[in-house]
S.K.: 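Please find one structure pasted underneath; my questions will follow.
Side-chain atoms are counted along with the backbone in the values below, which use heavy atoms only and exclude waters and symmetry mates.
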Amino acid sequence: MKALIIEDETAAALNLAAVLRQVAPGVEVVATLESVAESVEWLRANPQPDLLFMDIHLADGDSFRIFKSVEVTAPVVFTTAYDQYALEAFKVNSIDYLLKPINADDVRRALEKLRRLTSGERLDYGSRVRTMAARQSEEVFLVHVRDRIIPLRRDAIAYLYTANEKVTACTFEGEVYPMDRTLEAYQSQLPEHDFFRANRQFIVARRAVKEIAVWFGSLLTLHLAVNTPERIVISKARVPEFKAWLRAVRPAE
């Protein structure tokens, strides 16, 4: 059996490889990768392994992004430091996961579960992983706050704001979270019918727009349902685009 490890923490990757040698000497680790970009490149250039061990949060974003760029047909065992609440998605979809720090018994259980799968069940398992990953990628952002990982739902975000090369998200409840990508990256991920790039500092949610005011005759300023760290100004050139976006009917799901 050939296994691929996708893990950006060197100590965690070495520990997992050591545990595999202990409990399953027949498993060959063909590569250890550290990022989404590196993983996508490897999977495009190499045959699919028999099994992937995949950390959720990687150096350049969450690993669910891998599934948007390349087809993964092999079974995946996610490795994570999630709390119980965040694990519900895995449980509902019957996807296997290992909680860090990973131990021999957990790895043995995961391998035994996969060995019992028939060929048809393996295909179904892979399909469930891809479906869950797609939903996570579209609807949930994974936020690191000290020693926790918090699932931040897209529909909870009122706005995203960047300052001093740092991006934060503010929810409709007024909670503020540090984000790990650029505003441009989030702009490409968020659905255009629900979010608008107001200017260089802000992406705003349609539901958050409470009031619009004319400012200096040709500019617009936005007042949101939550407080913002500075005034949100729409330039004269973008006013028609913003008005069209605000009037647009949300596409049917």
Side-chain angles (χ1 to χ4, degrees), residues 36-37 56-57 60-69 85-86 88-89 92 130-145 149-253:
V36 171
I56 296 294
H57 191 83
D60 56 347
D62 67 71
S63 61
F64 294 121
R65 293 167 58 199
I66 294 170
F67 296 86
K68 297 183 73 174
S69 301
Y85 171 78
E88 287 305 311
V92 168
R130 291 191 295 274
T131 299
M132 188 198 72
R135 287 173 179 168
Q136 292 284 331
S137 181
E138 293 173 358
E139 298 177 1
V140 177
F141 296 102
L142 305 175
V143 182
H144 271 229
V145 180
I149 300 177
I150 297 173
L152 174 61
R153 291 190 59 81
R154 185 183 70 200
D155 58 13
I157 297 173
Y159 68 82
L160 290 160
Y161 170 72
T162 184
N164 301 319
E165 299 184 352
K166 295 181 180 179
V167 175
T168 54
C170 180
T171 70
F172 285 92
E173 300 296 323
E175 300 165 321
V176 177
Y177 295 103
M179 307 297 280
D180 62 0
R181 286 169 238 159
T182 64
L183 209 61
E184 287 72 22
Y186 288 111
Q187 183 181 2
S188 68
Q189 288 187 301
L190 294 166
E192 293 182 1
H193 53 268
D194 287 335
F195 291 88
F196 185 81
R197 180 69 181 268
N199 52 39
R200 291 185 178 182
Q201 286 73 44
F202 286 93
I203 294 175
V204 300
R206 181 193 300 270
R207 290 198 305 121
V209 179
K210 182 179 179 182
E211 187 177 272
I212 306 164
V214 177
W215 197 47
F216 288 111
S218 57
L219 307 177
L220 296 181
T221 61
L222 306 185
H223 300 283
L224 304 188
V226 293
N227 293 328
T228 57
E230 61 180 278
R231 187 192 303 269
I232 304 176
V233 179
I234 306 287
S235 68
K236 179 180 179 180
R238 302 207 62 206
V239 166
E241 181 185 356
F242 172 73
K243 287 182 177 179
W245 170 77
L246 203 60
R247 286 194 298 260
V249 177
R250 192 182 194 282
E253 297 292 345

S.K.: Give me the atom names and distance for the closest heavy-atom approach of Ala158 to Ala208.
M.R.: O-CB, 3.5 Å
S.K.: Given Leu160 and Leu183, is the side-chain contact (heavy atoms from CB on, under 4.5 Å) satisfied, shown in steps?
M.R.: CA-CA 7 Å; Leu160 290 160; Leu183 209 61; 3.7 Å; yes
S.K.: Check residues 163-177 and write down every donor-acceptor pair under 3.5 Å in which the side-chain atom is one partner and the other belongs to a residue at least two apart or another chain.
M.R.:
{"unit_1": "Thr171", "atom_1": "OG1", "unit_2": "Glu173", "atom_2": "N", "d": "3.2"}
{"unit_1": "Thr171", "atom_1": "OG1", "unit_2": "Gly174", "atom_2": "N", "d": "3.4"}
{"unit_1": "Thr171", "atom_1": "OG1", "unit_2": "Glu175", "atom_2": "N", "d": "3.1"}
{"unit_1": "Glu175", "atom_1": "OE1", "unit_2": "Tyr177", "atom_2": "OH", "d": "3.4"}

S.K.: Got a list of side-chain donor-acceptor pairs under 3.5 Å for residues 216-236, not counting sequence neighbours?
M.R.:
{"unit_1": "Thr228", "atom_1": "OG1", "unit_2": "Glu230", "atom_2": "O", "d": "3.0"}
{"unit_1": "Glu230", "atom_1": "OE2", "unit_2": "Tyr161", "atom_2": "OH", "d": "2.7"}

S.K.: Is there a side-chain contact (heavy atoms from CB on, under 4.5 Å) between Phe141 and Leu190 once you walk through the steps?
M.R.: CA-CA 11 Å; Phe141 296 102; Leu190 294 166; 3.8 Å; yes
S.K.: Suppose the criterion is salt bridge (charged side-chain N to carboxylate O under 4.0 Å, His left out): which pairs have a residue in residues 155-164, not counting sequence neighbours?
M.R.: Arg153-Asp155
S.K.: Rounded at 0.5 Å granularity, tell me how far CZ in Arg238 sits from CH2 in Trp245.
M.R.: 10.5 Å
S.K.: Looking at residues at least two apart in the chain, or sitting in another chain, which of them share a ring-ring contact (aromatic ring centres under 6.0 Å, His included) with Phe195?
M.R.: none
S.K.: Would you confirm whether Arg154, through its side chain, and Ile157, through its main-chain N or O, come within 3.5 Å as a donor-acceptor pair?
M.R.: no
S.K.: List the residues meeting ring-ring contact (aromatic ring centres under 6.0 Å, His included) with Tyr159, not counting sequence neighbours, and say none if there are none.
M.R.: Phe202
S.K.: What is the minimum heavy-atom distance between Val36 and Ser63, and which atoms define it?
M.R.: CG2-CA, 4.3 Å
S.K.: Check whether any side-chain heavy atom of Leu246 lies under 4.5 Å from a side-chain heavy atom of Phe196, and answer yes or no.
M.R.: no
S.K.: Evaluate the criterion side-chain contact (heavy atoms from CB on, under 4.5 Å) for residue pair Met179 and Val143; output intermediate values, then yes/no.
M.R.: CA-CA 6 Å; Met179 307 297 280; Val143 182; 3.9 Å; yes
S.K.: What are the two closest heavy atoms between Arg206 and His193, and how far apart are they?
M.R.: NH2-O, 2.5 Å
S.K.: Using side chain to side chain donor-acceptor pair (under 3.5 Å) as the criterion, list what pairs up with Arg181, not counting sequence neighbours.
M.R.: Asp62, Gln189
